[in-house]
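These notes concern the structure reproduced below.
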Amino acid sequence: MARLLADRPADTLTIGDMARQLGHSHGAVRNAALTLVRRGEADQGGSGQPEFRANAKTAAAAQAAVISPPGTHSPRAQAATARTTSPAAATPRQTGPIRRAGGQLYHPRELADLPDVEALNRLRDADVPVLLYGPPGTGKTSLVEAAFEDLLTVAGDGDTTVGDLVGEYTQGDAGAYVFQYGPLVTAMTEGRALLIDDATLISPKVLAALYPAMDGRRQIQVKAHKGETIKAEPGFYVVAGHNPGVHGAVLTEALASRFSVQIQIGTDYDLALALRIDARVVRVARHLAHQVELGELGWAPQLRELLSYQKTEAVLGTKAALANLVGIAPLEDRDTVAAAVIKAAGVKKIAPLTLGKQLPASAVRQPPGSTGSAHRGRSR
């Protein structure tokens, strides 16, 4: 990377430019370029998609860097051909816990006789868009983050606009308006994965801006920016998330038809036990989930709520954690959840976590460094 920039000191190069010349994936090139910038060994510019150029330290960095010649690493599009011809012969990338960008661990699950992260990467290599659907908190976003290190995410809702996807004009520090590309354009030009989270909450008219990038055209037109045409680089990939039970979530035919593979995501209660979450609470959650499947209930704790229970229990104790578990249930399901918790935990009564009567001043422990008593003394 450094040698490429040093050999072209007068040029500014995009991620796509460098990936094509080096034969590396766009994600790898992006990470290397940003590393050079952080070290002060290259400069970054560009008002929209990032551009990089050599500086006074780039040539020295190139002497120490190990650069593979073009062709050493196959582009992602070429890797897809090799993979899809004999998928059974491919070696799974990772079956153990994977550390996501935020530091949390993700535990892969089985999908089509493969680790789920491996299955998603194979689908990406073959350019087969995926829709993940299931209740909130089951790990849809976690799976995608674990599978794709180069991921960009759009958090969808009813207020999401076309500008949120493709970009819009914003006022710079100098007062002039410049066009800032959105995550869709960035993912296309850098060949990165793009997650449209809660896609079914986004207006169909807004999602229509995405579709030309996903079909054979592999390009979009940014009408707000002089009608500019943006073409997708190899590696660009779209995955979406859908929460069927959320109010306002509508899976339209137009959206569903864009995703050739649709995967249901549920909570792995065996994993919850392996993570040493209270077995009684896991049993309650599993039972309530079965009621949801039968249409008798609208809500059951998913892995997110179970992990939250575990943390709350460690801080406030079992009684408070159980009360909070009841309290986060929707009002219409709360009595059923409370009854299940009471039966499993062997308690007489459980109610949502609620503030009680005011404690006397003598019972309140002052935080370290508190000057409350000094203030009271001066006020007399």
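From a predicted model like this one, the values you see are computed outputs, not experimental measurements.
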> With a distance cut-off below 6.0 Å to the six-membered ring centre and an angular limit of 45° from the axis, does R124 pair with F148 as a cation-pi contact?
Replying inline: yes
> Centre of Y106's six-membered ring, under 6.0 Å away, within 45 degrees of the axis: is that where NZ or CZ of R99 sits?
Replying inline: no
> Should the pair E190-R192 be classified as a salt bridge under the 4.0 Å nitrogen-to-oxygen rule?
Replying inline: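 Yes, this pair counts.
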> Checking side-chain hydrogen bond (donor to acceptor under 3.5 Å, both in side chains) for the pair E313/T318: CA distance, chi angles, key distance, verdict?
Replying inline: CA-CA 5 Å; E313 183 183 37; T318 300; 2.8 Å; yes
Does the side chain of [X] reach to within under 4.5 Å of the side chain of [Y], using non-hydrogen atoms?
{"X": "Y309", "Y": "D278", "result": "yes"}
{"X": "L303", "Y": "D268", "result": "no"}
{"X": "R100", "Y": "S142", "result": "yes"}
{"X": "L194", "Y": "V239", "result": "no"}
{"X": "L4", "Y": "M18", "result": "yes"}
{"X": "V144", "Y": "L132", "result": "yes"}
{"X": "L131", "Y": "I263", "result": "no"}
{"X": "I328", "Y": "R334", "result": "no"}

>> Using side-chain hydrogen bond (donor to acceptor under 3.5 Å, both in side chains), reason through E168 and Y181 one step at a time and then give a plain yes or no.
In response: CA-CA 7 Å; E168 55 193 350; Y181 291 108; over 6 Å; no
Got a second to check how far [X]'s [atom1] is from [Y]'s [atom2], nearest 0.5 Å?
{"X": "L210", "Y": "I196", "atom1": "CG", "atom2": "CD1", "result": "5.5 Å"}
{"X": "D7", "Y": "R3", "atom1": "CG", "atom2": "CZ", "result": "7.5 Å"}
{"X": "I277", "Y": "R283", "atom1": "CD1", "atom2": "CZ", "result": "14.0 Å"}
{"X": "L288", "Y": "W299", "atom1": "CG", "atom2": "CH2", "result": "7.5 Å"}
{"X": "K349", "Y": "I342", "atom1": "NZ", "atom2": "CD1", "result": "9.0 Å"}
{"X": "L316", "Y": "K311", "atom1": "CG", "atom2": "NZ", "result": "13.5 Å"}

Testing the basics here: between [X] and [Y], what is the closest heavy-atom pair and its distance to 0.1 Å?
{"X": "A323", "Y": "I350", "result": "N-CD1, 3.8 Å"}
{"X": "V162", "Y": "A209", "result": "CG1-CB, 4.1 Å"}
{"X": "F179", "Y": "A224", "result": "CE1-CB, 4.0 Å"}
{"X": "P108", "Y": "P115", "result": "CB-CB, 4.4 Å"}
{"X": "Q302", "Y": "E305", "result": "N-OE1, 2.8 Å"}
{"X": "L5", "Y": "A42", "result": "CD1-CB, 4.0 Å"}

Counting distance only, does the side-chain N/O of [X] pair as donor-acceptor with the main-chain N or O of [Y] below 3.5 Å?
{"X": "K140", "Y": "P135", "result": "yes"}
{"X": "E110", "Y": "L114", "result": "no"}
{"X": "S203", "Y": "K205", "result": "yes"}
{"X": "N324", "Y": "L353", "result": "no"}
{"X": "D164", "Y": "T161", "result": "yes"}
{"X": "D157", "Y": "T160", "result": "yes"}
{"X": "Y237", "Y": "V128", "result": "yes"}
{"X": "R53", "Y": "P9", "result": "yes"}
{"X": "T312", "Y": "S308", "result": "yes"}

Given the rule that I, L, V, M, F, W and Y join up when any side-chain heavy atoms are under 4.5 Å apart, are [X] and [Y] in one cluster?
{"X": "L271", "Y": "L120", "value": "no"}
{"X": "V185", "Y": "I202", "value": "yes"}
{"X": "V337", "Y": "Y269", "value": "yes"}
{"X": "I265", "Y": "L201", "value": "no"}
{"X": "I98", "Y": "L307", "value": "no"}

Indicate whether the side chain of [X] and that of [Y] have a donor and an acceptor atom separated by less than 3.5 Å.
{"X": "D333", "Y": "T336", "value": "no"}
{"X": "E41", "Y": "T58", "value": "no"}
{"X": "D197", "Y": "T153", "value": "no"}

> Passes side-chain contact (heavy atoms from CB on, under 4.5 Å), M214 versus F259? Steps please.
Replying inline: CA-CA 9 Å; M214 297 178 62; F259 293 90; 3.8 Å; yes
> Would V154 and L165 satisfy side-chain contact (heavy atoms from CB on, under 4.5 Å), going step by step from the backbone distance to the final call?
Replying inline: CA-CA 7 Å; V154 175; L165 291 176; 4.0 Å; yes
>> Could you walk me through whether R8 and L13 satisfy the side-chain contact (heavy atoms from CB on, under 4.5 Å) test, starting with their C-alpha distance in whole Å, then the side-chain angles of each, then the deciding distance to 0.1 Å, before giving a yes or no?
In response: CA-CA 9 Å; R8 300 175 58 175; L13 303 177; 3.5 Å; yes
> What's the verdict on side-chain contact (heavy atoms from CB on, under 4.5 Å) for K319 and L322, showing C-alpha distance, side-chain angles and the deciding distance?
Replying inline: CA-CA 5 Å; K319 182 179 178 180; L322 290 171; 5.9 Å; no
>> Test salt bridge (Lys or Arg N to Asp or Glu O under 4.0 Å) on D127 and R218; report intermediate values, then the result.
In response: CA-CA 11 Å; D127 194 25; R218 301 275 295 176; 3.5 Å; yes
> With a 6.0 Å cut-off on ring centres, are Y169 and Y177 close enough?
Replying inline: no
> Should the ring pair H242 and Y133 be called parallel, tilted or perpendicular, given that the plane angle runs from 0 to 90° and is split at 30 and 60?
Replying inline: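 Answer is tilted, since the angle falls between 30° and 60°.
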> Within a radius of less than 6.0 Å around CD of E253, do more than 12 heavy atoms belonging to other residues, nucleotides or ligands occur?
Replying inline: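 Open.
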>> For Q358, I'd like to know if atom CD has over 12 heavy atoms of other residues, nucleotides or ligands within 6.0 Å.
In response: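 Counting neighbours around CD of Q358, 12 or fewer heavy atoms of other residues, nucleotides or ligands fall under 6.0 Å, so no.
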>> Run the salt bridge (Lys or Arg N to Asp or Glu O under 4.0 Å) test on R286 and D270 for me, step by step, so that the C-alpha distance in whole Å, both residues' side-chain angles and the decisive distance to 0.1 Å come before the verdict.
In response: CA-CA 10 Å; R286 198 192 295 266; D270 290 335; 3.3 Å; yes
